[in-house]
Amino acid sequence: MGDDSGGLSANKAAEQEEEGSTAPFPERVQVGGSPMYRIERKLGKGGFGQVFVGRRVSGGNERATGSAAMEVALKFEHRNSKGCSYGPPCEWQVYNALGGSHGVPKVHYKGKQGDYYVMVMDILGPSLWDVWNSSGQTMSAEMVACIAVESLSILEKMHSKGYVHGDVKPENFLLGQPSTPQEKKLFLVDLGLATKWKDSSSGLHVDYDQRPDMFRGTVRYASVHAHLGRTASRRDDLESLAYTLIFLHRGRLPWQGYQGDNKSFLVCKKKMATSPEMLCCFCPPPLKQFLEIVVNMKFDEEPNYSKLISLFEGLIGPNPAVRPINTDGAQKIIYQVGQKRGRLTIDEEDDQPKKKVRLGVPATQWISIYNARLPMKQRYHYNVADARLAQHVEKGMADGLLISCVASYTNLWALIMDAGTGFTSQVYELSPSFLHKEWIMDQWEKNYYISSIAGSSGGSSLVVMSKDWIDQGPGLESGCELVRPGTGMDQLNRVFISNNFLIRSFGPVN
């Protein structure tokens with residue numbers, strides 16, 4: 001459960017808060033009708049809790065498992081931790097829904113003792129981080145493939161119950177105890193950051209939101225969407241799994257080593273700039289295919305778990321008994337994929353290929369757009385009324401920013417101002433009528449050219465004109481005209497759509 005990988009956890013504040021607590025751990029624990037346990041060695045520490053080995057004081061059986069086991073895992077969470085703001089830890093509710101399902105350890109007892117909430121759980125073996133370290137900080141292609149298919153089967157079961165894990169990484173995958181029938185079985189633990197992707201009452205996908213100041217997860221393995229503060233969904237667990245698998249095989253990810261307060265930003269920027277080809281250049285092809293699929297998933301898209309599992313089928317040996325990881329959970333899905341392939345062969349013989357159509361709904365909120373232009377200094381304003389437009393623009397210009405993009409929704413404006421536009425100067429006009437042609441022509445005479453334009457539903461328009469948009473060559477002409485859609489489209493250079501008109505600029509072009 002510890003963050004041994006060096007990846008910065010989203011729960012640092014909670015950890016510091018917990019570490020600041022001086023409340024001692026009890027020497028013995030008995031909660032929720034459980035037997036009495038004596039606390040022994042510490043197993044690890046997570047974002048909000050700490051885990052110890054608990055040994056049954058009396059009764060029990062050395063060979064027994066479950067609630068009758070001699071040794072169990074005791075997870076403590078202090079009552080003042082962030083996860084206990086409103087009573088028992090949020091993790092308890094998740095374990096109530098998931099505990100004991102495929103790949104998730106079962107909670108046998110839970111309750112409060114002193115200043116701590118306590119869960120009594122099955123004790124497990126080493127994490128994949130421990131196995132990776134003990135095997136020379138690398139894993140074979142077959143080992144990684146077995147981890148991939150079994151992890152996908154665990155995540156499929158978790159997702160089917162409406163939850164996303166939120167912190168998929170090597171430290172949170174544990175094997176069963178050594179020298180037991182479960183020593184090759186994979187488990188996913190630490191559900192403290194798990195959230196619902198599906199509304200329990202309506203059964204619908206949760207709404208999309210973006211809060212850049214909210215990050216949950218571990219920086220090294222988090223999805224790009226998590227870095228940007230977007231609502232967690234199934235795609236994020238799969239992207240984190242992809243980074244986990246690549247790390248276990250390669251031994252390193254390109255964004256390791258960043259330090260400082262802006263570490264998360266630098267890691268996110270590096271992830272966005274690293275292509276699947278570059279990241280997986282030393283990996284088996286299925287890893288690159290897996291990464292390409294999951295990083296391009298939509299927010300509410302349902303993963304095709306069968307297809308993802310089938311990617312790794314060729315890397316896994318034919319005999320399940322000698323595989324390094326038990327893949328029983330994925331066998332049924334792999335079999336289903338084989339059955340589906342038979343049907344796919346029939347479809348391929350059809351002379352009429354089926355076209356896939358994605359249905360969607362119109363966007364209902366603004367989104368911010370990032371690019372790689374340097375220097376990366378950008379500002380956006382939205383829901384700006386006419387009367388406040390000038391103060392935002394003038395303030396931006398005073399800070400060295402110029403308008404790069406404008407848009408309108410009903411009678412409100414949105415602006416993006418950028419330090420990398422390449423313009424030397426800029427003028428703009430907010431006109432109550434759609435396009436003030438005389439003003440535009442006056443600016444043309446001063447060598448300003450239209451760079452952005454938008455129109456409101458009330459008929460007003462915002463026109464931005466800039467200098468040095470394109471290098472002016474001798475004999476080049478430029479102009480702008482209104483054309484209705486479908487007409488005059490033969491020599492279109494740049495087009496702006498507003499109020500059912502197209503603004504067509506022709507020239508100056510090289």
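Given the structure is predicted, the values throughout are model-derived calculations rather than measurements.
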Subject >> Any residue meeting side chain to side chain contact (heavy atoms under 4.5 Å, CB included) with V131, in chain and number order, not counting sequence neighbours >> reply: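 Per chain and number, V131 pairs via side chain to side chain contact (heavy atoms under 4.5 Å, CB included) with P126, M139, M143, L175.
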**OP:** Could you pull out all residues at least two apart from S179 that satisfy side chain to side chain contact (heavy atoms under 4.5 Å, CB included)?
**Re:**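 For S179, no residue satisfies side chain to side chain contact (heavy atoms under 4.5 Å, CB included) once neighbours in sequence are set aside.
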Atom [atom1] of [X] and atom [atom2] of [Y]: how far apart are they, to the nearest 0.5 Å?
X: K270; Y: L279; atom1: NZ; atom2: CG; answer: 10.0 Å
X: H102; Y: I154; atom1: NE2; atom2: CD1; answer: 5.0 Å
X: L174; Y: D190; atom1: CG; atom2: CG; answer: 10.0 Å
X: T244; Y: H249; atom1: OG1; atom2: NE2; answer: 14.5 Å

Original post:
If you draw a 6.0 Å radius around CD in E27, do more than 12 non-hydrogen atoms from other residues or ligands fall strictly inside?
Top reply: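 No, not enclosed.
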Original post:
Has Q93 got more than 12 heavy atoms of other residues, nucleotides or ligands less than 6.0 Å from its CD?
Top reply: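 For Q93, atom CD is not crowded (no more than 12 foreign heavy atoms under 6.0 Å).
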Is [X] salt-bridged to [Y], cutoff N-O under 4.0 Å?
X: K169; Y: D167; result: yes
X: D300; Y: R235; result: no
X: E91; Y: K75; result: yes

Subject >> Smallest separation among heavy atoms of S160 and K157, with atom names >> reply: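 Nearest heavy atoms, S160 then K157: OG-O, 2.6 Å.
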Subject >> Any pair counted as salt bridge (charged side-chain N to carboxylate O under 4.0 Å, His left out), so long as it reaches residues 112-129, sequence neighbours left out >> reply: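 Applying salt bridge (charged side-chain N to carboxylate O under 4.0 Å, His left out) to every pair that reaches into residues 112-129, excluding sequence neighbours, yields R79-D115.
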**OP:** Could you please spell out the steps behind the ring-ring contact (aromatic ring centres under 6.0 Å, His included) verdict for W255 and Y221?
**Re:** CA-CA 10 Å; W255 42 83; Y221 306 100; 8.9 Å; no
Original post:
Taking the inter-plane angle between the rings of F215 and H227 on a 0 to 90° scale, is it parallel (under 30°), tilted (30 to 60°) or perpendicular (over 60°)?
Top reply: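 Taking H227 first and then F215, their aromatic rings lie parallel (interplane angle under 30°).
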**OP:** Anything under 30° is parallel, anything over 60° is perpendicular, the rest tilted; go ahead and classify H159 against Y305.
**Re:**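 Ring orientation, 0 to 90° scale: tilted.
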Subject >> Verdict with supporting geometry, V267 and K263, side-chain contact (heavy atoms from CB on, under 4.5 Å) >> reply: CA-CA 6 Å; V267 170; K263 173 179 178 177; 4.2 Å; yes
**OP:** Look only at the side chain of Q210 and the backbone of L228, and say whether a donor-acceptor pair between them is shorter than 3.5 Å.
**Re:**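 Yes; judged by distance alone, with no hydrogens or angles, the pair exists.
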**OP:** Measure from the side-chain N and O atoms of E142 to the backbone N and O of G317, and report whether any donor-acceptor pair falls under 3.5 Å.
**Re:**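 Such a contact is found between E142 side chain and G317 backbone.
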**OP:** For a side chain to side chain contact (heavy atoms under 4.5 Å, CB included) with M119, tell me which candidate from V107, V72, V31, L74 qualifies.
**Re:**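 Of V107, V72, V31, L74, side chain to side chain contact (heavy atoms under 4.5 Å, CB included) with M119 is met by V107 alone.
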Quick check, are the ring centers of [X] and [Y] under 6.0 angstrom apart?
X: W132; Y: F247; result: yes
X: Y116; Y: F25; result: yes
X: F187; Y: F173; result: no

Scan the side chains in residues 285-292 for donor-acceptor partners under 3.5 Å anywhere in the protein, sequence neighbours excluded, and list what turns up.
residue : atom : partner : partner atom : Å
K288    : NZ   : E292    : OE2          : 3.2

**OP:** Output all residues satisfying salt bridge (charged side-chain N to carboxylate O under 4.0 Å, His left out) with E183, sequence neighbours left out; order by chain, then residue number.
**Re:**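 None.
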**OP:** Go through the structure and list residues passing salt bridge (charged side-chain N to carboxylate O under 4.0 Å, His left out) with E239, not counting sequence neighbours.
**Re:**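 Residues passing salt bridge (charged side-chain N to carboxylate O under 4.0 Å, His left out) with E239: none at all.
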**OP:** For residues I416 and Q378, determine if any side-chain heavy atom of one lies less than 4.5 Å from a side-chain heavy atom of the other.
**Re:**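 Contact flag for I416/Q378 side chains = yes.
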**OP:** Please determine, by modelled atom types, if K269 and N262 share a side-chain donor-acceptor pair under 3.5 angstrom.
**Re:**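 N262 and K269 do not have a side-chain donor-acceptor pair below 3.5 Å.
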